[in-house]
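Working notes, structure below.
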Amino acid sequence: MYRIASYLHLSANMNSGIDLQGTFIESLKDLGLSPGLAKLVWMPLPMLLMLIGATVGVLVAVWLERKISAAAQQRIGPEYAGPLGVLQPVVDGIKLVFKEDIIPAKSDAWLFTLGPVLVVIPVFLSYLIVPFGQHLAITDVNVGIFLWIALSSIAPIGLLMSGYASNNKYSLLGGLRAAAQSISYEIPLALAVLAIVMMSNSLSTIDIVEQQSGYGILGWNIWRQPVGFVIFWIAALAECERLPFDLPEAEEELVAGYQTEYAGMKFALFYLGSYVNLILSALVFSVLYLGGWESPIPMDRLAGWIGVSENTPWLQVITATIGITMTLFKAYFLVFTAILLRWTVPRVRIDQLLNLGWKFLLPVSLVNLLLTAALKLTFPIAFGG
Amino acid sequence: MFKILKQISDYAKESFQAAKYIGEGLSVTFDHMGRRPITVQYPYEKLVPSERFRGRIHYEFDKCISCEVCVRVCPINLPVVNWEFDKKSKKKKLNHYSIDFGVCIFCGNCVEYCPTNCLSMTEEYELATYDRHELNYDNVALGRLPYKVTQDPMVTPLRELGYLPKGVMDPHDLPAGTQRAGKHPEDIVEEMKSKASEEEKVN
Amino acid sequence: MNIAEGVQIVSFGILGTTMLAAALGVVLLSNIVYSAFLLGGVFVSMAGIYLLLNADFVAAAQILIYVGAINVLILFAIMLVNKQEDFSAVPKRWIRNGATAIVCFGLFALLGTMVLITPWSIAPATAVAVQDTVVEIGKHFFSDYLLPFELASVLLLMAMVGAIILARRDFIPEQLGVQQTALTLPEQPRESSAGSIASDEMPSS
């Protein structure tokens, strides 16, 4: 339990990095609180921060989606709510909160309510493992990336539940499609992740990023795992039900899939969940393949060239800021490519989707895994011995 | 053995081809992002309808001679001409005239054939109502002055692409009096006149 | 008792109660879909208990495999199959009931004795949390638990072969006299044409 309980990763080497938790607890102790109580006060803070951060991230992603979609179609997009329409997602959210909460008469009220909750909670929980810096992660679980895969496998149950409870054929079909899709793309996803894990000898996201550090952009996993990179992105898009794979909510066929009967806050949960999932996938992607918080030019070398010690406080603050910015920048770049793909690629059919998953991605990712293992044994220096 | 190898290489080629096509598609989408938005922000900005726009039909009661040509040329005999024979003057006396714009297809045949030009096309196209029966315009409604985009102080009139000067793509903030690309009909007439007069001089 | 212990005890209580309640629901509820969903609840609370035991990898694997795969497959099976069968009394039903009762009681007795004879108390000195659980599990799998590990993989292989054979229907000889038309699930009751027409004509409520 204490592993999951939220605390910022306490480093053994207190010098190398910012220890927010330690400083916070120390200052609380100075105010006269007992150490246990100080820790208790600290505990909910990162969780709350993450929750707010994820929600704000979603607002930004929704705005980006609408603006970029508009630009790709030579429209203007949201314009009136705030400058450049940045407040449009907030307005949408407020609207959804105040809308009537409808539960269809012949639906299963309990499952109908539980479905969206089950879809959203695992996605938010998965944010636990996303690192924004060496010491800026909610928790350094040593099964990190595996936890993400495990948690993302809960979502199909929620989708099936809402599809079944809506008592609507489109909802049921959408739910079944969503579950089939996420089960079949989870395997290539996991195999692509496994190749990375094999190279970095750890499931922890922080270790995975550290293994890529040191050589700037050249050290990133994208160069060592070009195939895994593509597989992961395809599978991640399918897991998020983004456009080439948005069959579960294909409006031309299934109205809105499992969301058909939902309105108000429950619909908002689905909406929120899908965008949080997209950003989460982008974040994990940047951690796995694009070196997480590492900037293209390694910061410590830069510091070495200028002649500043690594332990200088201002340098640490700058490094942390650059780390967070880099992670977010990479993630949002990936969100951008997802949006661009959305307006480029037409939706696949369900048989094409399953063919792609089982007959293309699965064998290719298995070969990729074997190849990585072989390369790791032959060139232990380049492939993490 | 070689057959399998060939299959594999074909499959790989196909996959690369597919990836290439997706890449090309992405570049097209990306290219579109840099283009000018073609949005017309409708209630605040409106396009000026083109010269031969077929909008709501305007009707002048006093010009009408109740000949019913409009009814005969109409594909569905839509105009209702309610007249009676006035025995004193031995002429048709028009009581009512109406066109139902909920049914009209704006083909313009009535306007084309009207012998007295009492029917004409306007630029008005905002005909939406809450009740379809309100679209049945009687002679009073048909005789109202048409709405003009350029005369509405609330609206920024925008020119359509064909009416913009050469090389200009954005209809916003055009300097006043700019002409569209190419010659206007009146210019052509003027030119022809001057040419003819020159030829006369030569002769 | 410090905060960490308190949190552990409270969460153990919550997890235990939800697990027991959900398990009872699986058995007692008449709606089979509810049972399947509650089974997911049982699996999740078991994962929580693994987490309390510092077995984080096992917990994640539990969620991934049992909740994410097995439970979803069960739900799929329930939702896709709509086989309706009339209840018919089986002759000599008491034999089946008796056999079931004996097996269930035997299992219960086995588990009960196991609970009673296992020394649960761990000496506090040895109860050091393993830091890298994945590495430890791997070591055990490839040394002292090698045989069960390999046997499990053979079992899974067999299941996979069976699934492939089931999926490729050309390996199974078609049943005689049954015309399988396109766009019908094999599980659906195949009615005669007269019956289907009659059902088509029934007014839909």
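Nothing here was measured: the structure is a model prediction, and the numbers come from that model. A, B, ... follow the sequence lines: proteins, then strands. Residue 1 opens every chain.
Atom CZ of B:Phe16 has 12 or fewer heavy atoms from other residues, nucleotides or ligands within 6.0 Å. Other residues, nucleotides and ligands contribute only 12 or fewer heavy atoms inside 6.0 Å of the NZ atom of B:Lys183. Residue A:Phe329 qualifies as open at atom CZ: its count of foreign heavy atoms under 6.0 Å is 12 or below. The environment of CD in B:Glu134 is crowded: more than 12 heavy-atom neighbours from other residues, nucleotides or ligands sit within 6.0 Å. The environment of CZ in A:Phe333 is sparse: at most 12 heavy-atom neighbours from other residues, nucleotides or ligands sit within 6.0 Å. Heavy atoms from other residues, nucleotides or ligands lying under 6.0 Å from CG of B:Leu5 number more than 12. Crowding of B:Glu160 atom CD: a count of heavy atoms from other residues, nucleotides or ligands under 6.0 Å exceeding 12.
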Chain B/chain A interface donor-acceptor pairs under 3.5 Å:
residue	atom	partner	partner atom	Å
B:Thr29	OG1	A:Thr344	OG1	2.6
B:His32	ND1	A:Gln74	NE2	2.9
B:Ile38	N	A:Gln74	O	2.9
B:Thr39	OG1	A:Ile76	N	3.3
B:Gln41	OE1	A:Tyr80	OH	3.2
B:Gln41	NE2	A:Glu79	OE1	2.7

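Of the listed residues A:Leu341, A:Val345, A:Val230, the one with more heavy-atom pairs under 4.5 angstrom with chain B than any other is A:Leu341. Comparing B:Val28, B:Ile22, B:Leu26 by heavy-atom pairs within less than 4.5 Å of chain A, the highest count is held by B:Leu26.
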